[in-house]
Asker: 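One structure, as structure tokens, below. Some questions next.
Throughout, protein chains are lettered first and strands after them, A, B, ... in sequence-line order, and every chain is numbered starting at 1. Remember, it's a predicted structure, so these values are computed and weren't measured experimentally.
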2 protein chains.
Amino acid sequence: MVTIYDIAKKANVSPMTVSRVINNAPNIRNKTREKVEIAIKELGYIPNSAARSLISNQTKTLGLILTDISNPFFSKIARGAEDAAVQMGYRVLMSNTDEDSEKEINYIDMMLSARVDGVLIAPTSDKTLEQIERFKRHHIPVVLIDRLIEGFTGDYVLGDSYEGSRKLVEHLIDNGHHNIALINGPSNVSTARERKRGYIETLKLNDLPVYEHYISEIDYRNIEEDSAKIIVDRLIRSEPEKRPTAIFAANNFIAISVMKAVKELGLQVPKDISVVCFDEVEPVVYFDPFFTVAAQPANEMGKIGIQFLMERVEQKQVISQRKVVLPPDIHIRKSTRKINSRFSRKGET
Amino acid sequence: MVTIYDIAKKANVSPMTVSRVINNAPNIRNKTREKVEIAIKELGYIPNSAARSLISNQTKTLGLILTDISNPFFSKIARGAEDAAVQMGYRVLMSNTDEDSEKEINYIDMMLSARVDGVLIAPTSDKTLEQIERFKRHHIPVVLIDRLIEGFTGDYVLGDSYEGSRKLVEHLIDNGHHNIALINGPSNVSTARERKRGYIETLKLNDLPVYEHYISEIDYRNIEEDSAKIIVDRLIRSEPEKRPTAIFAANNFIAISVMKAVKELGLQVPKDISVVCFDEVEPVVYFDPFFTVAAQPANEMGKIGIQFLMERVEQKQVISQRKVVLPPDIHIRKSTRKINSRFSRKGET
DNA sequence: ATGAAAGCGCTAACAA
DNA sequence: TTGTTAGCGCTTTCAT
């Protein structure tokens, strides 16, 4: 490996001068600089980041902890984050926790030993707070993305799950749906809680009853399995007047499982049942927009998350906590249809 | 920051003993080990990777250079690669070149200065070979994924583009299509060349003419723009007997643009025109399998790529070049249909 | 404008 | 079994 000593020897200067050249320090004679630069080119010298880190106490590396980069929502966050990081001269270490808190701990160990300068994380659950404390102890800034943890102090960037749910459910109600089921994510994740809150409050505001048997949860880790089908099956087999006419799937993955289940049960969307969900279902949407969704600006979220993080890392204006909650875009498409309400609402004639 | 010196002081041993404990060295008295471990726990010590790298000359970090992680094909490669890397105790630095060779060079600089122990790369074009040489000069192993470069010596993992094209086109021909257009990727990428070769040879083997005006290329960087539409428009407006009855889109992104264009031109797939492509169009495929595709095992490719890389990095059996070409799975679905050939093939009665 | 010395956190090599 | 010394590649500090 070529070092500044090799360059120094070749250029007939001291290692310190080489260091000055590669750091664009002032007060260097042009001729000296040229000599050094030529030697660098000829030997193909590239500074050793590890040695620099050791002195500067910064690695110019950021940690990105997401649950699954092959989920389009997260891969967009990753893209937005990576682009923003590189633009500011930082590298990105990626990881996939698969919603598994043990994997998450291992990745956090990894990030800690890599001495990342900051971390952007979508926590697997509220329990992650303890792990985040570990970063705090090492004075490593942490920004939360997509998911909030109560008691967390620091910046975060979320989609507005409550508002998105409100609008999605409102849309269903406006189209005559009074029997709306919610298939939610696990309640130890903030987005799921907020979506449920939006769902319940919207029903109540519209004088619609909230049925416990309409609400179920799926652990994200089991979506691939038959959990969605079991739920959809149960919902559909209930007595005709209790059968939901619409399903609110908490995210795109759940929506897909629901679609599959509905189909396997011989029913059609939206003819027999309407479906809405969070997050865009790509890339179909580009040529055949089907799902009625609350689309979150994932790329933007990643970008803002890194910007916040960088400001903490570079200790610019260390303003107080920044809480950004981005509104989702509601797209009304073909997975929902107007129906004739089977029952009138309270107060309706 | 806590160092081995802090631990040493607290545990009343020398820094070297601490080093031995954290490295699980033999010949340490149990009691000493315990003392040290307690101090480590209490102070929350985590070894500094940079310092270790400086001595060991390895960073336990791998570089992953892909074109765009928000493309499902590549995000699956990334997942497979990341999982495999972590399992072997390595970290992964990610990057997105966007098919841009300048960005690619910057990322390669980054990887070089990060002193990654190895690189898994899907090169933007054949020109990347020079850049790969830079890794070679620094004795950093490189494994190619998805795309091959002529003249490259080393391991690679590809999908079988030639074979996939053969089967896709064969399928179209079997269904009466004699007028098949190819909308390809740029010919400085190996997959595009191989797909074209498969297309042409299959036509020839079936005594079908190869028309130059049926073959076009799209730069991956412009897919979002109207390039596909312009091509589809031209194809469709040609004289009736020259109008293709099927389009072979080189990948899923192109296929989506084609679908969009076909729709905007008021036509339907597969009624008016059949469409086939490479790579699965997810996640629709899970509930509404539509596209007839040659699906490549992306996750597997990433995993194998990292395995090969690791063997080079850890200099196990440094066997000669390993060339893995994985066959795609052909899925016949609803985007293609049987038609009555408008003209008989040469030799047919 | 340039150089020498010291040290970042760790470990290899040797010594005790 | 444990400790001492030196040095990985670089930069900070202080000279010159």
Asker: Out of D:dT11, C:dC10, C:dA1, which has the shortest distance to the side chain of A:I4?
Answerer: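 Output: D:dT11.
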Asker: Whole angstrom is fine here: how far is it from CZ in A:R52 over to C1' in C:dG7?
Answerer: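 My rounded result for the distance is 17 Å.
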Asker: To the side chain of A:S14, which of C:dT11, C:dG3, D:dT11 is closest?
Answerer: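 It is C:dG3.
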Asker: Tell me which of B:P26 and A:M1 sits closer to the 5' end of DNA chain D, going by the nucleotide each one is nearest to.
Answerer: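 With B:P26 and A:M1 compared, the 5'-side residue is B:P26.
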Asker: With a 3.5 Å cut-off and heavy atoms only, can you find an N or O donor on one side and an acceptor on the other between the side chain of A:Y5 and the base of D:dC10?
Answerer: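 Flag set: donor-acceptor pair detected.
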Asker: Given D:dT2, C:dT2, C:dC8, which nucleotide is nearest the side-chain atoms of A:T17?
Answerer: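 The nucleotide sitting nearest to the side chain is C:dT2.
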Asker: Identify whether any heavy atom of A:N57 sits under 4.0 Å from a base atom; if not, whether one sits that close to sugar-phosphate; answer base, sugar-phosphate or nothing.
Answerer: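 No contact at all - A:N57 keeps every heavy atom at 4.0 Å or more from the nucleic acid.
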Asker: Between A:D83 and A:K303, does at least one N-O distance fall below 4.0 Å, as a salt bridge requires?
Answerer: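 No salt bridge links A:D83 with A:K303.
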Asker: Side chains of A:Y90 and A:E314: donor-acceptor distance under 3.5 Å anywhere?
Answerer: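 The criterion, which ignores hydrogens and geometry beyond distance, is satisfied for A:E314 and A:Y90.
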Asker: Remember a base hit wins even if backbone is also touched, and classify B:S53 as base, sugar-phosphate or nothing at under 4.0 Å, heavy atoms.
Answerer: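 Contact class for B:S53: none.
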Asker: Quick check for you: among D:dG3, C:dG9, C:dA1, whose closest atom lies nearest to any side-chain atom of B:V13?
Answerer: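 Closest nucleotide among those given: D:dG3.
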Asker: For the pair A:K10 and A:D6, find out whether any cationic side-chain nitrogen is under 4.0 Å from an anionic carboxylate oxygen.
Answerer: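 No, A:K10 and A:D6 are not salt-bridged.
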Asker: From CE of B:M16 over to P of C:dA13, roughly how many Å is that when rounded to an integer?
Answerer: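 Result: 11 Å.
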Asker: In whole angstroms, how far is the C1' atom of D:dC8 from the CG atom of A:D6?
Answerer: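 Taking CG of A:D6 and C1' of D:dC8, I get 13 Å after rounding.
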Asker: Nearest of D:dC10, C:dC10, D:dT13 to any side-chain atom of B:N48?
Answerer: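 That would be C:dC10.
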Asker: Base, sugar-phosphate or nothing for A:S56? Non-hydrogen atoms, less than 4.0 Å.
Answerer: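 Here A:S56 touches no strand at all.
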Asker: Write down the distance between CG (B:N23) and C1' (D:dT2), rounded to a whole number of angstrom.
Answerer: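 These atoms are roughly 15 Å apart.
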Asker: State whether B:E99 and B:R147 are salt-bridged, where the test is any N-O pair (Lys NZ or Arg NE/NH1/NH2 against Asp/Glu carboxylate O) under 4.0 Å.
Answerer: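 Yes, charged N to carboxylate O under 4.0 Å.
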Asker: Output yes when at least one side-chain N/O atom of A:S19 is less than 4.0 Å from OP1 or OP2 of D:dG9, else no.
Answerer: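 For A:S19, the contact criterion (side-chain N or O under 4.0 Å from OP1 or OP2 of D:dG9) is not met.
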Asker: Counting distance alone, no hydrogens or angles: does the base of D:dG9 have a donor or acceptor under 3.5 Å from a partner atom on the side chain of B:R115?
Answerer: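 There is none.
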Asker: Looking only at side-chain atoms of B:A51, point me to the closest of D:dT11, D:dT2, C:dC10.
Answerer: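 The nucleotide sitting nearest to the side chain is C:dC10.
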Asker: Would you kindly compare B:I55 and B:N27 by the position of their nearest DNA chain D nucleotide and give the one closer to the 5′ end?
Answerer: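 So the residue in question is B:N27.
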Asker: Can you measure A:I7 atom CD1 to D:dT11 atom P for me and round it to whole angstrom units?
Answerer: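 Roughly 13 Å, once rounded to whole Å.
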Asker: Which listed nucleotide (C:dG3, D:dT2, D:dC10) is nearest to the side chain of B:R29?
Answerer: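 Looking only at heavy atoms from C-beta outward on B:R29, the closest nucleotide is D:dT2.
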Asker: Please state how far atom CZ in A:R20 lies from atom P in D:dT16, giving the value in whole angstrom units.
Answerer: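 Whole-Å distance recorded here is 15 Å.
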Asker: Side chain of B:N96, backbone of B:D98: donor and acceptor closer than 3.5 Å?
Answerer: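 Answer holds: no.
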Asker: Mind calculating the distance between CD1 (B:I22) and P (C:dA12) to the nearest angstrom?
Answerer: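 These atoms are roughly 11 Å apart.
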Asker: Just checking A:I28: base, sugar-phosphate only, or nothing, at a heavy-atom cut-off of under 4.0 Å?
Answerer: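 Sugar-phosphate contact only - A:I28 comes under 4.0 Å of backbone atoms but never of a base.
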Asker: Identify the residue among A:R312, A:Q307, A:Q321 that makes a side-chain hydrogen bond (donor to acceptor under 3.5 Å, both in side chains) with A:D155.
Answerer: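 Single pass found, and it is A:R312.
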Asker: Take atom CD of B:Q58 and atom P of C:dC10, then tell me their distance rounded to the nearest Å.
Answerer: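 Between P of C:dC10 and CD of B:Q58: 16 Å.
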